[in-house]
2 protein chains.
Amino acid sequence: MSQGKEKILQTALEAFAEKGYDGARIDTIAKTAGVNKALIYYHFKSKEELFTAVINDLFEKAASVSIEPTGTSVRDNLIQVMEHFIDFLHGNPYFVKIMDQSVAQDRDIFHQLHHQNFFFEAVMGMYQLGVRTGECRKVDHPEEYVVSLLGAVYFYFSHHRAIRKFYGTISEEEVISIRKRTMRDIIARLIFV
Amino acid sequence: MSQGKEKILQTALEAFAEKGYDGARIDTIAKTAGVNKALIYYHFKSKEELFTAVINDLFEKAASVSIEPTGTSVRDNLIQVMEHFIDFLHGNPYFVKIMDQSVAQDRDIFHQLHHQNFFFEAVMGMYQLGVRTGECRKVDHPEEYVVSLLGAVYFYFSHHRAIRKFYGTISEEEVISIRKRTMRDIIARLIFV
DNA sequence: AGAATTATACTAAACAGTTAGTCTAAATTT
DNA sequence: AAATTTAGACTAACTGTTTAGTATAATTCT
């Protein structure tokens, strides 16, 4: 991939994340990326296609960080996946912003994305395995608990600015560490007998 | 409030929720509301001010639905507040959409809104009371559990389209009912000894 | 090897449609 | 009488997109 194209994609990601699809300006993206506006249309045939490319890029990266838990019990594996999820959201702040905006606006692309249920399927599968092995408690609606767990993790990042202040002045790394500990506790209390 | 103004506010709310601030069009809002475009500028001096009015309206409504729990125990009150939160989000789908978009875009207005921490403060206060009365278990970071609970509730609504399919073909009312039951269980397991 | 051609990356400037916002004059409602 | 609403033309600025052309290095032809 050419240097210009890469710069455009990176800059566009930030722009779309901060301003949303409609708020982002091709002019601004070009200027910020330090390239001519026409170069964007040399590489991508429209704003919509640029957005699609940005999203695909993002989800590709998300999927490439594979999660093949290495633990010896369902409990360990579930915790690994959850911590991985937290690390991913922590390391990709733009991901959450673009997700929230695009989901709220019901953008086309998201109907085609199969990676979307990535974490959900992973967690759900492990839980069901846990029920079979007797490690996890059997409940009427397992999807309820999976959604709740994912939501609990996701919410901190999606509403970070509003929430962060309740944690005081400690470093972000420390908050992440605390979040992981809490989520381990929550998983233990909700899913395991 | 005049009939036209009210119609404009309602239509603008839907437009901003669906399309976002930048995606919403004044012309379309006027047409949909069935009023002349000039009337919008008669009541509001700019698009930005219309948006502000819409947000204030929304939060006023949110705050007006007061939550003064009537239960006899912290447990009952906490459940009441949580169910009220679920009902509110269920009954105000635009609220979530506007929240997600505006939070992601870090819009000015949200820095001035004090209602924002409404539910957080309410839940946090009850939890602390519960710790004092011995009803709730004492944890190192109570804010962690409050954030997790709110996130678990909020997530279902904010990512409704993506999540809903995991629940099959049952009615939305039924899902809400199931969600409430699950959240009661989660609260019991997380906060109460 | 040197000339001709191609491919890729890129730019400057303009085009064409859109959009927030304005103006004026009249009509209707309260 | 005052507040509200309509009608619709109008504009200034903006914004996505196109066009036509440049630079350069690699490839192919002679």
Side-chain angles (χ1 to χ4, degrees), chain A residues 1-58 94 97-98 101-102 104-110, chain B residues 1-58 94 97-98 101-102 104-110:
Chain A
M1 173 142 36
S2 69
Q3 177 191 328
K5 188 173 180 180
E6 209 145 1
K7 199 79 211 291
I8 290 168
L9 276 171
Q10 179 58 33
T11 310
L13 166 62
E14 294 169 26
F16 285 133
E18 300 291 354
K19 311 274 189 176
Y21 178 81
D22 295 295
R25 296 281 163 253
I26 296 288
D27 275 297
T28 312
I29 292 172
K31 211 170 185 178
T32 309
V35 301
N36 190 279
K37 188 158 80 156
L39 185 62
I40 293 178
Y41 286 92
Y42 171 76
H43 286 296
F44 311 94
K45 78 163 190 281
S46 66
K47 185 185 186 183
E48 189 70 37
E49 205 193 83
L50 172 61
F51 182 72
T52 305
V54 166
I55 297 292
N56 285 336
D57 221 45
L58 200 59
Y94 297 133
K97 286 198 170 192
I98 286 199
Q101 286 179 132
S102 302
Q105 286 191 32
D106 200 23
R107 295 223 145 258
D108 288 350
I109 308 169
F110 284 86
Chain B
M1 172 142 36
S2 68
Q3 178 192 328
K5 189 172 180 181
E6 209 144 0
K7 198 78 211 289
I8 290 168
L9 278 171
Q10 178 59 33
T11 309
L13 166 62
E14 294 169 26
F16 286 134
E18 300 291 353
K19 310 274 190 176
Y21 177 83
D22 294 294
R25 298 281 164 256
I26 295 289
D27 279 63
T28 311
I29 291 172
K31 210 169 185 177
T32 309
V35 302
N36 191 275
K37 185 162 103 165
L39 187 61
I40 292 180
Y41 287 93
Y42 173 77
H43 287 295
F44 311 95
K45 77 164 190 282
S46 65
K47 186 184 183 181
E48 188 71 37
E49 204 192 85
L50 172 60
F51 182 73
T52 305
V54 166
I55 297 290
N56 284 336
D57 219 47
L58 200 60
Y94 298 134
K97 288 197 170 192
I98 285 198
Q101 286 179 132
S102 302
Q105 286 190 34
D106 200 24
R107 294 219 147 260
D108 288 350
I109 308 168
F110 284 85

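First the proteins, then the strands, lettered A, B, ... as listed; each starts at 1.
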Roughly, in whole Å, what's the span from CG in A:D22 to P in D:dC14?
18 Å
Would you say the side chain of A:L50 lies within less than 4.5 Å of the side chain of A:I40, judging by non-hydrogen atoms?
yes
D:dT15 P sits how many Å from A:Y21 OH, rounded?
14 Å
Nucleotide of C:dC10, D:dG16, C:dT19 approaching A:H43 most closely (side-chain heavy atoms):
C:dC10
What's B:A33 touching, base or sugar-phosphate or nothing? Going by heavy atoms closer than 4.0 Å.
nothing
Nucleotide nearest B:N36 (side chain, heavy atoms from C-beta), chosen from D:dG8, D:dT15, C:dA20:
D:dG8
Rounded to whole Å, please give me the gap between CD in B:E6 and P in C:dT30.
14 Å
Can you tell me how far C1' of D:dT6 sits from CD1 of B:I40, to the nearest Å?
13 Å
Regarding B:R107 and B:E48, does a basic nitrogen lie under 4.0 Å from an acidic carboxylate oxygen?
yes
Of the candidate nucleotides C:dA20, D:dG16, D:dT5, which contains the atom at the shortest distance from the side chain of B:Y42?
D:dT5
Nearest whole Å is fine: how far is C:dG17 P from B:D27 CG?
17 Å
Could you check how far NZ of A:K47 sits from C1' of C:dT18, rounded to whole Å?
12 Å
Evaluate the side chain to side chain contact (heavy atoms under 4.5 Å, CB included) criterion for residues A:K47 and A:F16: first the C-alpha distance (whole Å), next the side-chain angles of each, then the deciding distance (0.1 Å), finally the verdict.
CA-CA 11 Å; A:K47 185 185 186 183; A:F16 285 133; 4.2 Å; yes
A:I26/A:K37 under side chain to side chain contact (heavy atoms under 4.5 Å, CB included): CA gap, chis, key distance, verdict
CA-CA 7 Å; A:I26 296 288; A:K37 188 158 80 156; 3.7 Å; yes
What contact category does B:G23 fall into here, base, sugar-phosphate, or nothing, at under 4.0 angstrom with non-hydrogen atoms?
nothing
Nucleotide nearest B:A38 when distance is taken to its side chain, options C:dA20, D:dT17, C:dC23:
C:dC23
Would you indicate, yes or no, if D:dG16 has its OP1 or OP2 atom less than 4.0 angstrom from a side-chain nitrogen or oxygen of A:R25?
yes
Nearest-nucleotide pick for A:K37, side chain only, options being C:dT11, D:dT17, D:dT5:
D:dT17
Just call it for A:A30: base, sugar-phosphate, or nothing, with non-hydrogen atoms closer than 4.0 Å on any strand.
nothing
Measuring from the side chain of B:Y41 (C-beta onward, heavy atoms only), which nucleotide among C:dG21, D:dT17, C:dA9 has the closest atom?
C:dG21
Would you kindly give the CE-to-P distance between B:M1 and C:dT30, to the nearest whole Å?
16 Å
How is A:Q3 classified with respect to the nucleic acid when contacts are heavy atoms under 4.0 Å: base, sugar-phosphate, or nothing?
nothing
For B:V54 and B:Y21, run side chain to side chain contact (heavy atoms under 4.5 Å, CB included): C-alpha distance rounded to whole Å, both residues' side-chain angles, the deciding distance at 0.1 Å, then the answer.
CA-CA 11 Å; B:V54 166; B:Y21 177 83; over 6 Å; no
Side-chain atoms of A:S2 come closest, of C:dA20, D:dT5, C:dA9, to C:dA9
Just by distance, no angles: are the side chains of B:Q10 and B:E14 close enough, under 3.5 Å, to form a donor-acceptor pair?
yes
Could you tell me how far apart B:K31 (NZ) and D:dG8 (P) are, to the nearest whole angstrom?
12 Å
A:L39 near the nucleic acid: base, sugar-phosphate alone, or nothing, with a heavy-atom cut-off under 4.0 Å?
base
